[in-house]
Amino acid sequence: MNKPKMNVNIASMELINPIIGASGTFGNGLEMEDFLDLNKIGGFCSKGITWLPQEGNAGRRIAETPAGLLNSIGLQNMGIVEFIKNIVPQFRNKTDCKLIVNVSGKNVEQFENMAKMLELPEVAALELNLSCPNLHKDGIVMAADPITTSQVIIAVKKVSTKPIIVKLSPNVTDIKIIAKAAENAGADAISLINTVLGMAIDIKTAKPVLGNITGGLSGPAIKPIGVRMVWQVAETVKIPIIGLGGIETLDDCLEYLMAGATALQVGAANLYQPDICEKLAQELEDYCSLKGIQDYKFLIGKANPNFRGEIFYGQD
Amino acid sequence: MNKPKMNVNIASMELINPIIGASGTFGNGLEMEDFLDLNKIGGFCSKGITWLPQEGNAGRRIAETPAGLLNSIGLQNMGIVEFIKNIVPQFRNKTDCKLIVNVSGKNVEQFENMAKMLELPEVAALELNLSCPNLHKDGIVMAADPITTSQVIIAVKKVSTKPIIVKLSPNVTDIKIIAKAAENAGADAISLINTVLGMAIDIKTAKPVLGNITGGLSGPAIKPIGVRMVWQVAETVKIPIIGLGGIETLDDCLEYLMAGATALQVGAANLYQPDICEKLAQELEDYCSLKGIQDYKFLIGKANPNFRGEIFYGQD
Amino acid sequence: MNEKIIESCQIISNEEIFPNYFKLKLEATKISKLAIPGQFVEIKCSLEREHIIRRPFGFHSIEKNANLISIIYEVRGSETLALSKRLSGEELSLIGPLGNGFPIQGKVPLLVAGGTGIAPLSCLATAFAEKKVDPYFFYGCNDHKAANYFAKKPPEGELNIATMDGSFCFHGNVVELLNSYLPTSKVKFDVVYTCGPQLMMQKTYEWAKENNLTCFASMERVMGCGFGVCLGCTLPILKDGKTSNSCVCKDGPVFNGEEIIWDE
Amino acid sequence: MNEKIIESCQIISNEEIFPNYFKLKLEATKISKLAIPGQFVEIKCSLEREHIIRRPFGFHSIEKNANLISIIYEVRGSETLALSKRLSGEELSLIGPLGNGFPIQGKVPLLVAGGTGIAPLSCLATAFAEKKVDPYFFYGCNDHKAANYFAKKPPEGELNIATMDGSFCFHGNVVELLNSYLPTSKVKFDVVYTCGPQLMMQKTYEWAKENNLTCFASMERVMGCGFGVCLGCTLPILKDGKTSNSCVCKDGPVFNGEEIIWDE
Ligand SMILES: Cc1cc2nc3c(=O)[nH]c(=O)nc-3n(C[C@H](O)[C@H](O)[C@H](O)COP(=O)(O)OP(=O)(O)OC[C@H]3O[C@@H](n4cnc5c(N)ncnc54)[C@H](O)[C@@H]3O)c2cc1C
Ligand SMILES: Cc1cc2nc3c(=O)[nH]c(=O)nc-3n(C[C@H](O)[C@H](O)[C@H](O)COP(=O)(O)OP(=O)(O)OC[C@H]3O[C@@H](n4cnc5c(N)ncnc54)[C@H](O)[C@@H]3O)c2cc1C
Ligand SMILES: Cc1cc2nc3c(=O)[nH]c(=O)nc-3n(C[C@H](O)[C@H](O)[C@H](O)COP(=O)(O)O)c2cc1C
Ligand SMILES: Cc1cc2nc3c(=O)[nH]c(=O)nc-3n(C[C@H](O)[C@H](O)[C@H](O)COP(=O)(O)O)c2cc1C
Ligand code: FES
Ligand code: FES
């Protein structure tokens, strides 16, 4: 049999395979080169970049929970200016592994300005992280409000020529409403899920384990939540979905694809198995070969009879 | 030292200790007598009772996920009439272990009618399970809507003299709003969390594992979510909180108490360790003795400087 | 109601008897006293908290005097794999005995087993033998590996074996074997018991019905608890012309074939 | 940037050296070649998926020719407990070497260790000895059990021990020992290294500062990755009068005591 087709086109971004390193767990990509060959994976999302540099949260930032990981990094990052100056140019000659910049604004203007600044050839796409608290709406994150979500997307689409991926938070009553709003506002793709809000208490000290009290839950524990949301959103929108949340094994990848994800991101697993993205890309290809699946994209939405996505298989 | 005080008063319900078997995982109590002494635990919540008998969901109902359990029982139960006839009378002579009836209506009237019918001496309290989809609001569960939540509580409070515990769903954007609405409507206590909506796909058949497609996630995996929500609600309301979600060990109990729970429910763990409730009650008492804590209630909200609850320590 | 307990049981042995199939022998002082054939235990296979749910296994042997029980299991997924790695001397937590056993009736019982279904039916065969009744045992398996093992350690009664690949005795499934055997035999069965893959049990039931025989089938469902509190293991059961969900764990696992909706 | 790799390493031995403390010896062909004292490895301690995060441990010995490394660890929680149960012959997944090691400088180094901090400092002492420099080693521990072990298997250089309960040598903490030792000694240290509980390191740093000595401290933070991608292990660091968060895993774990905000 021929080698199975593993490439995929998300909006105008062409990935050599659907495996993407998730934001905040892949550094700025280059740190991972000790463990894997970046040119063997589709791409990665940078650490969340903000308008100004941020020092992040004080105190302990990481805690383990059953089959999960709580983090409260608090978006520590160098800010957009420094990022464009020092990080972006390093991707000038990397062509296979796409640099997706995860941007996190506090308001519409910040998103807009950052999008303008990221009109650079090295940047393959933007991933909008709307998980900052909405300053107008009592601490609820922007991604929980369909109107704010739309406003950000519309503003960014006006100034950006890049594919716009909108990253959704699972901490909402109805993910379908937010996803639909994102699609209607012009998003090119949706990635989900971000972390689930959680916390842990140190019973010896009777204090929250994390300095920031609450944190984001990731890892295998949240996989059933991610798969469910991808499934729901795949029944709701036509734009491609990038699925994530607890992906660790080939089986996890297949679960997300069959639920309706077009591409996949791997988060927490990079931290304990830093070669995992390359391994999963290879294992997915081997699986397709073994099963005689000529294009991995045939797996997309396979379990979901109401899958609405439009898959572009490309030319032969 | 004297034996530590383990009793607690929730609204007018007096429990000998704060450990309660959670609805749907404790049968109708009597099935558990093979494994534990009901008189050694505070109480238990019956399987969710509906107006009419329900056959529940077809197909597979249980799936294991990392450190978790997905279920889609679909509220299979005998209906309120049969329950009152056959189950309630069996608790006539059980005085220590309180029977809390978990009622699940499709609308306000059903809740109201069931509450009336449950004005029986054997019934210690009602737990309102608002996790049925709201027929007026596009499939979103009643517990996700503060107005519906209030309406149900107000109607039930009018006809019932029993303490009314409202069980909240974690599948909402802002649990504080719902909790506040419940308190304002007259709820005597809040229990949380119910299961987190999730799903799993069988990659061999490319079909959802559960017959019902989605199911409720419970077990250790969701503990960080439950602790977080108890913490948030403890900062929001003054009425007592019954915490649950992934409780399996003494440490888990302490985490929930310190976050602000006054009493605790144990769910999935009963299924794999059916003597767990009695064990935890004993271990909590032993812990208090060992640490010289004279009343377990001193632990409530200990980690939370913004804890708003009013704890009734009782007379000495 | 039958008495059920949680018991910590020491592993006496845990051996691979043929590829991918293991026999686990346990010291179960209390459970062995209470158990009857057709009942099962729920075992906490691994010590990890990643896999929280116990797994159900039918009794393969019950030695009340020696305080021993055994099960035969196939490695199918994560927890049976974990179980296969537990060593003798270690302790396992069991809950049991669970469910209702086989009703023991008839003078010429026919036992039809497929795959791991041979485990509980062997247990039943022993019970018949103790009552001086000789059962007829039909066993279908994939190949000579399983066949060979049971040919050497046969259950009580007359054993007939069919292999799917024809590598041992009869070539075909166990119902085909039954059909080819009967015309030449003079035996008149008066009751049928079956345990194995659902389709095989259905065929066996249909054969029994044609021959006007009562057929007891031991059903399998994914279980959450094993003792009737989660309602996770339901099966639609036909009684008095009405269908309603029964728990395989509490109302079964053994049902009269008449009550089962085979074409669900 | 230092090269880092994932290596599957065979356990040569894993022994309890005194109550609750273990020495783990591993064949680490590649990591041993790259490692220097003060760096660390991230170990996947258990095979369970319940505990997903690796745990960091500093090198206690690095034998490049023999392809061996060792660590000394205290059983503190779930994963160190799991590690203590792994048997020789089994494979462990390691990531390393991680972080920056100790800058090796000075002719009369003072090494101040507390608890498991003795592990990496022993490794440093060996490196000094190889350069024909004899370090002065001060070690504080709880009681004679630890003291006894290290008195019998001392690191390179002169070893002085303090026990908190006074059951071996000096009664008190290691800084008190230092203060009581110095007046009577003629040694003039020219650099200080410290590893152990934060308060002990702070006291050591303050002592060094009073004596105008550079002090390197090996810091501990809960880590998510160990190689600089998660930003989970940050520490506010003072440089050029400005504070900013550095990663203990990548920018440390060894820092110049001057840069650390001790009273955070
Ligand atoms: C009453 C009863 C008696 C049984 N007796 C035996 C026996 O004697 N020997 C034997 O080998 N097997 C027996 N089984 C089947 C055995 O329980 C499953 O093979 C085992 O649970 C698989 O676990 P796993 O983790 O290896 O597989 P998993 O990876 O969990 O799943 C593999 C398959 O096993 C089945 N399964 C998974 N979990 C459960 C569960 N909690 N309950 C029931 N089935 C499940 C499912 O069909 C699933 O697709 C019995 C089942 C029941 C219900
Ligand atoms: C650079 C570095 C080198 C270390 N070297 C050694 C050594 O040589 N010998 C030794 O015994 N210990 C060493 N430690 C500490 C060791 O990593 C912890 O004791 C271990 O992680 C505890 O894991 P646990 O599961 O047993 O405990 P847990 O139950 O997870 O927690 C117990 C305590 O250990 C600490 N801890 C937990 N997780 C981590 C983590 N991912 N990273 C860091 N600390 C954590 C926390 O303070 C926690 O309160 C080192 C730590 C660091 C950062
Ligand atoms: C340490 C850490 C840092 C993260 N930082 C970011 C971030 O900066 N921006 C973002 O959009 N998501 C961030 N995430 C979320 C992940 O990208 C991912 O959505 C989430 O962890 C779920 O996937 P997983 O279960 O595979 O980890 C972070 C996650 C972790 C664990
Ligand atoms: C099998 C099963 C059935 C359940 N049935 C009900 C129910 O009928 N009514 C209800 O309010 N909650 C029901 N629940 C939810 C539990 O009571 C509990 O809220 C949830 O499982 C979280 O707690 P846990 O992690 O301890 O299981 C059920 C849970 C399980 C696992
Ligand atoms: S498995 Fe729980 S009721 Fe049968
Ligand atoms: S532990 Fe991840 S950056 Fe240091």
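The sequence lines fix the lettering, A, B, ..., with proteins before strands; numbering per chain opens at 1. Only this structure's heavy atoms are used, side chains among them; waters, hydrogens and symmetry mates stay out. Everything quoted here is computed from the prediction, not taken from an experiment.
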Given the rule in the side-chain contact (heavy atoms from CB on, under 4.5 Å) test, do F40(C) and I71(C) qualify, once you have shown the distances and angles that lead to the verdict?
CA-CA 9 Å; F40(C) 64 98; I71(C) 65 164; over 6 Å; no

Can you say whether the rings of Y193(C) and F102(C) are parallel (under 30°), tilted (30 to 60°) or perpendicular (over 60°)?
perpendicular

Option that, when pairs with chain C are counted at under 4.5 Å, heavy atom only, ranks first among L69(B), N77(B), N71(B), N270(B)
L69(B)

So that I can tick it off, tell me whether K23(C) and E15(C) are bridged by a salt bridge, with the cut-off set at under 4.0 angstrom between side-chain N and carboxylate O.
no

Taking every heavy-atom pair that is under 4.5 Å apart, which of K44(C), E79(C), H51(C) has the most such pairs with chain B?
H51(C)

Checking T249(B) against chain C: side chain, backbone, both or neither under 4.5 Å from a heavy atom?
side chain

Below 4.5 Å from any heavy atom of chain C, which atoms of S72(B) appear? Answer side chain, backbone, both or neither.
neither

Does a side-chain heavy-atom distance below 4.5 Å link V81(B) with K85(B)?
no

Is it true that E64(B) and R55(C) make a salt bridge, defined as a side-chain N closer than 4.0 Å to a carboxylate O?
yes

Could you tell me if the side chain of T194(C) sits less than 4.5 Å from the side chain of F216(C), heavy atoms only?
no

Non-hydrogen atoms of chain C under 4.5 Å away: do they reach the side chain of D275(B), the backbone, both or neither?
both

Most heavy-atom pairs under 4.5 angstrom with chain B, which of T234(C), I52(C), T243(C), I95(C)?
I52(C)

Pick one of side chain, backbone, both or neither for P274(B), based on which atoms fall under 4.5 Å of a heavy atom in chain C.
both

Bottom line for E42(C): the part with an atom under 4.5 Å from chain B's heavy atoms is neither

Relative to chain C, which segment of E248(B) carries a heavy atom at a distance below 4.5 Å: side chain, backbone, both, or neither?
side chain

State, with a plain yes or no, whether a side-chain heavy atom of C97(B) is found less than 4.5 Å away from one of F91(B).
no

